[in-house]
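Start at 1 with the first residue, then count along the sequence.
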Amino acid sequence: MFGDILSDEAGALIGGLGVAPSANVGERVTVFEPVHGSAPDIAGQGIANPIGAILSAAMLLEHIGLGGEAARVRQAVDTVLAARVWPRELGGKATTAEVVRSILQNL
C-alpha cells in the first residue's frame with residue numbers, strides 16, 4: 001500500500017501518472033506496468049498516455065539483462081517528448097497512436 005502511495009507521489013514529480021513506469025518485484029515473479037494501471041475508463045478513445053507502459057517495458061528489458069535495448073527505448077521516449085509530441089495528459093494534442101508511432105520511429 002505505501003509503495004503505491006509513494007509511486008503516485010513520485011509520478012507527480014515527473015509529469016504525472018501517465019509517464020511513470022513501475023515494477024512489482026517478487027522472489028519468483030516480477031510484473032512491469034504503468035503506475036496508473038490499464039485506465040479502462042478511457043479505453044478506445046485514443047487519449048491514453050502510452051509512455052508509462054513503454055517505460056515499464058524498458059524496465060523489463062533492463063531487468064532481463066538487455067540494458068542497451070532499454071536505453072534505446074528510454075532515448076526514443078525522451079526524443080519524442082523533447083519534440084513536443086505530447087498526449088493530452090501532458091498538455092499536447094497527440095493521440096495514443098501518434099505518440100506510439102513517434103516513439104517507434106525514433107527507436
Side-chain angles (χ1 to χ4, degrees):
M1 177 180 84
F2 295 114
D4 186 46
I5 293 168
L6 290 173
S7 64
D8 287 356
E9 295 297 324
L13 297 173
I14 63 169
L17 293 181
V19 297
S22 73
N24 299 301
V25 181
E27 290 181 25
R28 296 185 312 151
V29 177
T30 302
V31 177
F32 298 87
E33 63 182 350
V35 168
H36 59 70
S38 62
D41 55 322
I42 58 172
Q45 298 177 40
I47 61 172
N49 183 349
I51 295 172
I54 292 168
L55 292 176
S56 294
M59 289 176 70
L60 165 66
L61 291 170
E62 188 89 42
H63 182 74
I64 63 172
L66 298 174
E69 290 82 351
R72 286 184 58 212
V73 171
R74 287 190 296 271
Q75 181 59 51
V77 170
D78 290 346
T79 299
V80 167
L81 291 174
R84 300 179 79 84
V85 179
W86 295 346
R88 256 177 41 178
E89 177 191 18
L90 299 179
K93 296 184 180 182
T95 66
T96 305
E98 290 168 341
V99 174
V100 170
R101 192 170 21 260
S102 293
I103 292 169
L104 289 173
Q105 289 172 347
N106 282 281
L107 275 175

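- Remark: Arg74 pairs with Glu62 by the salt bridge (Lys or Arg N to Asp or Glu O under 4.0 Å) rule, at least two apart or across chains.
- Contact between Ala76 and Ile103 at its shortest, heavy atoms only, is CB-O, 3.6 Å.
- Taking NZ from Lys93 and CZ from Arg84, the interatomic distance works out to 12.0 Å, rounded to the nearest 0.5 Å.
- Checking Val77, Val100, Leu55 one by one against Pro50, the side-chain contact (heavy atoms from CB on, under 4.5 Å) holds for a single residue, Val100.
- Between Arg101 and Val85, every side-chain heavy-atom pair lies at or beyond the 4.5 Å cut-off.
- In this structure, Leu60 is not a member of the same hydrophobic cluster as Val31, with clusters built from ILVMFWY side-chain heavy atoms closer than 4.5 Å.
- The side-chain heavy atoms of Leu81 and Ile51, taken from C-beta on, include a pair separated by under 4.5 Å.
- Between Met59 and Pro21, the closest heavy-atom pair is SD-CB, 3.4 Å.
- Glu69 contributes atom CD, which lies 6.5 Å from atom CG of Leu61 (distance to the nearest 0.5 angstrom).
- A distance of 7.0 Å separates CG of Leu104 from CD1 of Ile54, quoted to the nearest 0.5 Å.
- Gln75 is not listed as a side-chain neighbour of Arg72, based on a closest heavy-atom distance of 4.5 Å or more.
- Between Leu107 atom CG and Thr79 atom OG1 the span is 9.5 Å, to the nearest 0.5 Å.
- Residue Val99 is not grouped with residue Ile42 when hydrophobic side chains (ILVMFWY) are merged at heavy-atom distances under 4.5 angstrom, including chains of intermediate members.
- Of all heavy-atom pairs between Trp86 and Gly91, the closest is CE3-C, 4.4 Å.
- Across Pro34 and Gly52, no two heavy atoms sit closer than the pair CB-C, 3.6 Å.
- How far OG1 of Thr96 is from CZ of Arg88: 9.5 Å, rounded to the nearest 0.5 Å.
- Hydrophobic clustering (side-chain heavy atoms under 4.5 Å, transitive across Ile, Leu, Val, Met, Phe, Trp, Tyr) keeps Val80 apart from Ile47.
- Looking only at distances, no side-chain donor or acceptor of Thr95 sits under 3.5 Å from a matching main-chain atom of Gly46.
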